[in-house]
Structure formats: C-alpha cells, structure tokens
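Reviewing the structure listed below.
Along the sequence shown, residues carry numbers from 1.
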Amino acid sequence: MIQKRYFETLLNRSASLSARQIHEAVLAMGAMFRVGLNRLPDQDEIRHLMRRVVDWKTGEVTLASLRSLARVVVQSDAFHRLYEQRTGISGNLDAHLKQRLCDDLVVAAQLPENRAGIMPFQLCYPDSAPPDDDRAYALWFLSVSQIEVENRLKKPCQSQISFDIYMTVGAGDIEAARLTLNSFFRQEDADWTLHVAASAEVFECLNPGSVQKRIRRTAKLLEGEAPYVAFIEPGDRLADGALARIAAMLEIRPETVLLFTDEDRIDPAGNHIRACLKPGWSDDQLLLGDTVGQISIFSRQRVLEVAKELDAVEELRALPHSSTCWLYALKLAVVEGVKPEQIVHLPAVLFHRFKDNSGDVSLQRRLAARHLAVHRPDIVLTETPLAPVQAGSACPTRVCYPLPSVLPLVSIIIPTRDRPDLLRTCLQGLLEETDYPRFEIIVVDNGSIQPDMLVLLEEVSRHPIVTVLRQEGAFNWARLNNQAAARSQGDLLLLLNDDVRILHSGWLEEMVRQNLRSGVGIVGARLLYPDGTLQHAGVMLSRDGATHLLRGAKAGDTGYLNALICQRDLSAVTGACLMIRREVFELVGGVDESFAVSCNDIDLCLRVRTAGWRIVWTPHATLTHVDGGTRGRDATPPQILKHWQETARLVGRWTDWMEQDFAVNPALRVTDNALLLKTLSELK
C-alpha cells in the first residue's frame with residue numbers, strides 16, 4: 001500500500017505525464033545519479049525531482065530539464081564528497097567548474113552505457129505491484145519491452161510457418177485499421193497475409209502501398225492457404241515481432257489447434273493498461289466465458305472441420321467473423337474433443353486491444369450452453385453464488401458435472417489429537433449438515449490423552465458410519481492417512497483436517513462430481529479463515545516452494561482474472577481438504593511418509609500429475625479452515641527447521657515443476673498474500 005500511495009502521489013503531481021514520459025524521466029534520473037552520485041535514486045528522490053527532470057509544459061525530458069536536474073546533483077553534499085574522493089580537490093567549487101560538471105553530467109545521462117540495466121519500474125516499485133494496477137503495469141510493460149527488444153536482436157527468428165489473418169473494416173474504422181496495418185508492417189521474419197473485408201472505397205483509403213501483395217481485399221471467409229489463421233478487429237495491434245514468436249512456438253508444437261497469448265489494452269495516452277497475464281490452459285476455461293481472448297491462432301484444418309457446426313447456429317449468422325461472440329463459438333468448437341497438449345498458451349504480451357470488448361455476455365453463455373447440449377448433454381451450466389453468500393458478490397458460472405445412478409462411497413479420513421472442540425464441530429458438519437448420502441468417516445487418533453477427547457472418541461465410535469483408529473507415535477500426517485486409507489472401503493478418499501467446519505450442504509457432492517470427471521485424480525476445495533477471508537484457492541509453485549494463491553483476500557473478492565471464483569486445473573491443492581480416487585492413491589503409492597509434517601500434500605499432487613491425472617480446484621465446495629488447528633503452527637526452532645528442510649527436499653525433487661507452474665503466468669510472482677508482477681531481474 002505504501003508503494004501504491006507513493007506512485008499515486010507521483011502521478012497526481014504528474015497528472016499529464018504518460019507512462020512513457022515517466023519511464024524516460026526515471027531512466028535519465030537514474031543515469032545521472034549513477035554517474036554523479038555512484039548510486040541510483042530512491043522513491044522519495046524520484047518523487048521530489050520529477051519536476052526537474054521533465055519540461056512541465058510538454059512532459060518530455062529536454063536539455064534544459066536535464067541541466068536543471070544536474071544542478072541539483074552537483075550542489076549536493078554527496079556529490080562534493082565523491083568529487084573530492086575522485087580528484088583530491090577539496091573546498092567549494094567555483095561557478096565555472098560547477099557549470100562544466102553540470103554539462104558533463106547532462107552528456108553522461110544520455111549515453112547508452114550509463115543507462116544500461118536501469119529499470120524505472122523497479123526504482124518506483126522496489127517490491128513490485130499487482131498486475132491489475134494499471135499505472136504500475138504501464139511502467140512495467142515499458143521496462144519489459146526493453147528486454148524483449150534486446151532478446152529479439154540477439155535471437156532473430158526465421159520460420160517457414162505462414163499465417164492468414166482476417167479483418168473486417170467499415171467506413172468508420174479507417175483510422176483504427178491503419179493502426180492495425182502499422183503493427184503488421186513491423187512483423188519481421190514472419191510470413192503473413194492480411195485479408196481485409198471492406199468496400200473498394202474503404203480499402204483504397206487504407207492505402208497499403210508497397211505491401212499491397214500482403215494486404216488483400218477479400219469477401220470470402222478463410223481465403224488463402226496458410227496452415228494457421230487468425231481474426232483481428234480494426235485498431236487492435238500486434239506487438240513487434242509477435243508473429244515470429246508465435247511461429248517459433250508452432251514449430252515446436254506442430255500439433256497445435258489453438259494458440260493464445262497474453263494481452264493488454266492501449267489507452268488514448270498510449271499507456272498499456274488492463275493487463276491479461278493468463279495462466280495456462282484449463283479444461284473448464286472456455287465454458288466460463290472467453291478467457292482465451294485475443295489474439296487466437298487457429299489451425300486452418302481444425303477450423304474447416306468445425307465450420308459447418310458454426311454455420312448451423314442461427315444467432316451467429318448476422319455477426320461478423322471477427323466479432324467476440326462468433327470467435328467465442330469458434331473456440332468452443334475448435335477445442336472440443338482435442339488433447340490438452342494441442343492447446344498452447346504462449347506467455348507473452350503479444351496483442352494490444354484497441355478497446356474493451358467483452359462482447360454480449362448473455363449470448364456467450366447461451367452459446368456455451370448450446371455447445372454443451374450438442375457435445376456433452378450431461379453437463380449443465382448454472383449461476384451459483386459462492387458460500388457463504390455475500391450481499392452484492394459475484395455469482396459465477398458453475399460447470400455442473402453429472403453424478404452416476406449409483407453414488408460412490410467416500411471415505412473421509414480425519415487425523416486428530418486432543419482437540420475435542422475442533423473434532424466435534426467437524427463431525428457435526430459431516431453427519432448433520434452434509435447432503436451427500438454415501439460416506440464413511442475414519443477418525444485417526446494420534447495418541448490423545450485429554451479426558452474430554454477420549455469421551456468424544458468413545459461417543460462417536462458408536463455411530464454406524466464412524467470408525468476410530470488409534471495410532472500412537474510422533475505426528476506424521478502422511479503415515480496417519482496411509483494407515484486409514486488401508487482400512488477404508490470407499491472408491492473416493494477425502495483427506496480432511498479436524499479444524500474444518502462445513503458451510504453449505506452441497507460441498508461434498510460438488511467434490512464428488514468433479515472427481516468423477518474423466519482424467520481428474522484430485523479435487524481441492526475453497527477454504528476460508530473463520531473471519532471469512534480466503535485461506536485456500538489453490539497452491540502455486542515456485543523455486544522457493546509452494547504458496548497459497550491470494551491468501552487473506554476479502555470475502556467477495558474475485559481475484560486477478562477471476563481466479564478466486566472459477567473452477568480450474570492446478571498443479572497442487574492443500575491436503576486440508578483433498579479428495580483423491582482410490583485407484584490413483586494406490587497407483588502412486590499413497591502419501592510419501594518421508595514428508596512427515598509439511599509438503600506431503602504438494603508432493604502427492606505432483607506425483608499424481610506425473611502419472612497423467614489432473615488436479616482440479618473448485619470454489620463451489622467451500623469450508624472454514626482454522627489452518628494450524630490440527631497440530632498447531634510451526635513456532636519452535638525445531639519445527640521451523642523441519643518445515644524448511646522438507647520444503648528444500650520438495651523443491652529439489654520437483655525442480656522443473658516448481659519453476660514452471662502452468663497455473664500461474666511466468667510474469668507473475670505469488671507471495672503469501674499477493675500476486676505481483678515479477679521484477680525485471682526475475683524475468684531475465
């Protein structure tokens with residue numbers, strides 16, 4: 001919050017400055033500080049000196065503004081001390097010498113070697129900022145673009161892959177279309193043809209000139225022979241070199257039927273805003289709306305295969321082929337029935353939208369429902385509020401999967417020790433507040449000695465569906481669950497902490513529905529702290545270990561790109577409430593007991609994924625979780641040491657997975673309670 005307030009203050013004082021102007025000003029300031037003071041400026045100095053480093057009428061860095069900044073530097077005590085150290089000359093500097101030193105600093109601040117490696121975003125945001133902070137992202141994008149230019153110069157891309165791209169241009173779209181054309185002219189090292197559907201008069205106004213052969217007027221859909229096609233709207237722009245990067249990926253993944261990239265929007269001032277730094281592909285992604293976005297690259301062959309299906313949809317006939325809803329229907333059809341590896345996410349901002357265009361949301365929902373009715377009629381789309389229901393909160397789309405006529409038995413395994421208060425609440429929720437009719441409960445008591453606990457265990461053991469197992473010895477979560485699983489009877493196993501409280505009756509049914517989906521091995525639930533804030537919405541992996549996504553988010557928060565309200569595939573979920581198919585549990589050998597206390601659930605998830613099964617998180621199964629109530633928190637030095645030892649072993653075992661978690665965009669970093677843009681040093 002401190003950093004956001006800082007930059008808001010800076011921009012309020014610099015209201016007329018674009019992100020590019022701020023970027024150039026901080027770059028110049030950094031170069032001058034580096035040469036004159038042997039260091040870079042801090043946030044306060046950037047804020048206070050911004051009026052010096054730009055011409056306030058134009059917002060640009062000029063020679064006059066650089067001289068004004070140089071005078072401030074030369075007059076500082078720090079400069080005098082450094083000058084004395086470098087030259088051995090002490091005492092006050094005369095006016096003539098000060099002027100010469102100022103002139104030298106002005107020249108030095110413009111030299112590329114003195115600007116190299118200076119990252120204005122990191123100077124303004126040393127600890128980074130969220131991707132949905134538009135002002136921070138605009139500055140971040142400019143710094144990232146510098147790296148991208150350097151990389152393209154080092155590694156020019158040559159490819160034989162070609163693209164046919166289609167754009168419809170009306171009489172009112174000419175100026176916007178010229179922006180699009182200009183972005184195509186910068187698609188070096190790529191073989192492309194732009195097909196423009198327009199009247200002869202409109203096409204003439206576009207004046208494609210010397211590249212007439214690559215820009216053609218057409219009235220026919222899918223004209224051309226390129227193996228990959230795309231659709232674009234007037235004003236939308238490709239990043240420099242975007243098609244070359246896409247072609248390079250398609251060379252590696254020739255089986256691709258749909259490729260999508262990250263994107264943003266360019267506002268009238270030229271700032272890059274509304275960043276969509278997307279996660280990798282998830283099976284439910286398109287059913288929840290057009291989360292793939294623009295630009296999407298399609299296999300021509302696959303589009304031809306599904307074209308008749310789209311022609312049969314009456315609601316699409318009046319829509320242009322570049323419209324959001326027509327493209328949404330195309331994406332649904334293209335991905336239906338294909339293998340997940342045929343859908344590729346290229347994590348780079350390669351597309352810049354001209355305007356916000358989410359399309360007709362109600363029409364998209366009807367298109368998704370129609371698509372399911374044709375291809376998977378047993379699946380239903382509903383709008384379901386998340387429990388507990390918050391006034392005014394979002395009502396997200398739920399993909400409701402079917403249940404079989406004979407419901408599977410769920411074995412619920414609950415490790416516990418001397419917490420009768422927690423266990424009683426948990427069991428009450430299971431036995432009295434859960435609708436799903438077929439489950440057994442196995443309470444694994446790890447050596448309780450308190451009288452109240454022993455009385456409770458004796459009481460619950462008399463219930464017809466509750467079994468109490470006594471397991472002595474040091475706490476080992478993995479061993480306790482393995483031993484209980486061996487005694488259980490269910491087709492599905494639910495590993496559940498005793499510090500969990502049931503919030504709505506349909507939670508277990510939802511987890512069963514998800515776990516019975518084809519290819520799904522593990523399902524995780526949405527967990528809240530007792531105060532209603534978020535505890536678990538999936539676990540994100542990094543080279544530092546595993547971190548809960550947006551832990552502590554307020555009730556009703558949807559999260560970045562709706563991550564907190566959309567069911568989706570993940571790399572891992574918490575073992576506090578984890579459902580797994582018995583066949584999968586046995587296939588991977590259960591929970592690894594060498595991870596006695598922590599990381600055992602993450603390791604289990606990764607072994608399941610390695611075996612070819614998916615991990616799904618659903619927000620439509622919500623419980624309260626005390627978090628640490630079962631065994632307490634790691635507070636003593638031995639406990640903390642044990643935690644970090646097991647984390648280090650997890651990272652060592654799964655290095656490749658930890659560094660490339662598909663569920664979080666590579667440009668983002670997950671911390672204990674935030675999702676942040678990676679610093680530029682992290683991206684290099």
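Counting only heavy atoms from C-beta outward, the side chains of T218 and V196 never approach each other to under 4.5 Å. Between E309 and H375, some side-chain heavy-atom pair lies under the 4.5 Å cut-off. Contact annotation: the side chain of D491 never approaches that of R582 to less than 4.5 Å [non-hydrogen atoms, C-beta and beyond]. At least one side-chain heavy atom of L238 sits less than 4.5 Å from a side-chain heavy atom of F351. Counting heavy atoms from C-beta outward, M249 and V344 have side chains that approach closer than 4.5 Å. Within the 4.5 Å cutoff, the side chain of E341 has heavy atoms near those of the R253 side chain. The side-chain heavy atoms of S128 and F121, taken from C-beta on, include a pair separated by under 4.5 Å. With a 4.5 Å cut-off on side-chain heavy atoms, L403 and L407 count as touching.
Between atom OG1 of residue T261 and atom CD1 of residue I295 there is a gap of 7.5 Å, rounded to the nearest 0.5 Å. Here CD1 of I602 is found 6.5 Å from CG of L541. Values are rounded to the nearest 0.5 Å. Taken from OG1 in T622 to CG in L386, the straight-line distance is 6.0 Å, to the nearest 0.5 Å. Atom CG of L194 is separated from atom CE of M167 by 5.0 Å, given to the nearest 0.5 angstrom. Here the straight-line distance linking atom CZ of R186 with atom CG of D240 works out to 4.5 Å at 0.5 Å rounding.
In this view, H548 and H536 satisfy the ring-ring contact (aromatic ring centres under 6.0 Å, His included) rule, not counting sequence neighbours. With sequence neighbours left out, the side chain to side chain contact (heavy atoms under 4.5 Å, CB included) criterion links R376 to D283, L287, E336, L372, D378, I379. Listed by chain and number, the residues in a side chain to side chain contact (heavy atoms under 4.5 Å, CB included) with A621 are W507, E510, M511, A525, T618 (sequence neighbours excluded).
By the 4.0 Å N-to-carboxylate-O rule, R398 lies too far from E383 to be salt-bridged with it. Salt bridge status for D236 with R353: absent, with no side-chain N to carboxylate O gap under 4.0 Å. The pair R317-E314 does not count as a salt bridge, with every side-chain nitrogen at least 4.0 angstrom from each carboxylate oxygen.
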Go through it in stages, so that I can follow the logic: the residues are R517 and D284, the test is salt bridge (Lys or Arg N to Asp or Glu O under 4.0 Å), and I'd like the CA-CA distance, side-chain angles, deciding distance and then a yes or no.
CA-CA 12 Å; R517 294 167 58 188; D284 286 331; 3.2 Å; yes
Show the numbers, then the answer: is there a salt bridge (Lys or Arg N to Asp or Glu O under 4.0 Å) between D264 and R274?
CA-CA 5 Å; D264 61 20; R274 310 288 174 82; over 6 Å; no
Report the C-alpha distance between Q285 and S282 in whole Å, list the side-chain angles of each, state the deciding distance to 0.1 Å, and finish with yes or no for side chain to side chain donor-acceptor pair (under 3.5 Å).
CA-CA 5 Å; Q285 195 165 346; S282 179; 5.5 Å; no
Go through the steps for Y328 and H371 under the test ring-ring contact (aromatic ring centres under 6.0 Å, His included), then give the verdict.
CA-CA 11 Å; Y328 177 57; H371 176 84; 8.9 Å; no
Checking L677 against D133 for the side chain to side chain contact (heavy atoms under 4.5 Å, CB included) test, could you report, in this order, the C-alpha distance in whole Å, the side-chain angles of both residues, the deciding distance, and whether it holds?
CA-CA 10 Å; L677 295 162; D133 180 338; over 6 Å; no
Apply salt bridge (Lys or Arg N to Asp or Glu O under 4.0 Å) to the pair E263 and K278, showing each step before the final yes or no.
CA-CA 9 Å; E263 60 187 87; K278 305 165 189 173; 2.8 Å; yes
The test is ring-ring contact (aromatic ring centres under 6.0 Å, His included); show your working for F662 and W281 and say whether it passes.
CA-CA 8 Å; F662 80 97; W281 173 255; over 10 Å; no
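Looking at S18 and N271, their side chains never bring a donor and an acceptor atom within 3.5 Å of each other. Under 3.5 Å, the side chains of H195 and D164 contain a donor-acceptor pair of N or O atoms. At a cut-off of 3.5 Å, with distance as the only test, a side-chain donor of H345 or D262 sits close to an acceptor on the other residue.
Side chain of R513 to backbone of C400: no donor-acceptor contact under 3.5 angstrom is found. Of the possible polar contacts, none joining the T256 side chain to the I343 backbone as a donor-acceptor pair under 3.5 Å is found. Put simply, the side chain of N562 never gets that close to the backbone of I565: no donor and acceptor are under 3.5 Å apart. At distances below 3.5 Å, at least one donor-acceptor pair connects side-chain atoms of D173 with backbone N or O atoms of G170. At least one donor-acceptor pair closer than 3.5 Å links the side chain of S299 to the backbone N or O of R302. In this structure, the side chain of W140 engages the main chain of K678 through a donor-acceptor pair within 3.5 Å. At distances below 3.5 Å, not a single donor-acceptor pair connects side-chain atoms of Q567 with backbone N or O atoms of W617. Between the side chain of R581 and the backbone N or O of V520, at least one donor-acceptor pair lies under 3.5 Å. Between the side chain of R609 and the backbone N or O of I615 there is no donor-acceptor pair closer than 3.5 Å. With E315 contributing its side chain and C325 its backbone, the two residues share no donor-acceptor pair below 3.5 Å.
Shown here is Q660, whose CD atom has no more than 12 heavy atoms of other residues, nucleotides or ligands within 6.0 Å. Atom CD of E225 is surrounded by 12 or fewer heavy atoms from other residues, nucleotides or ligands within 6.0 Å.
Both the sub-6.0 Å distance and the 45° axial angle are not jointly satisfied by R217 relative to the ring of F203.
When each of Y228, F184, Y166, F185 is tested with W192 by the rule ring pair (Phe, Tyr, Trp, His ring centres under 6.0 Å), just one qualifies, namely F184.
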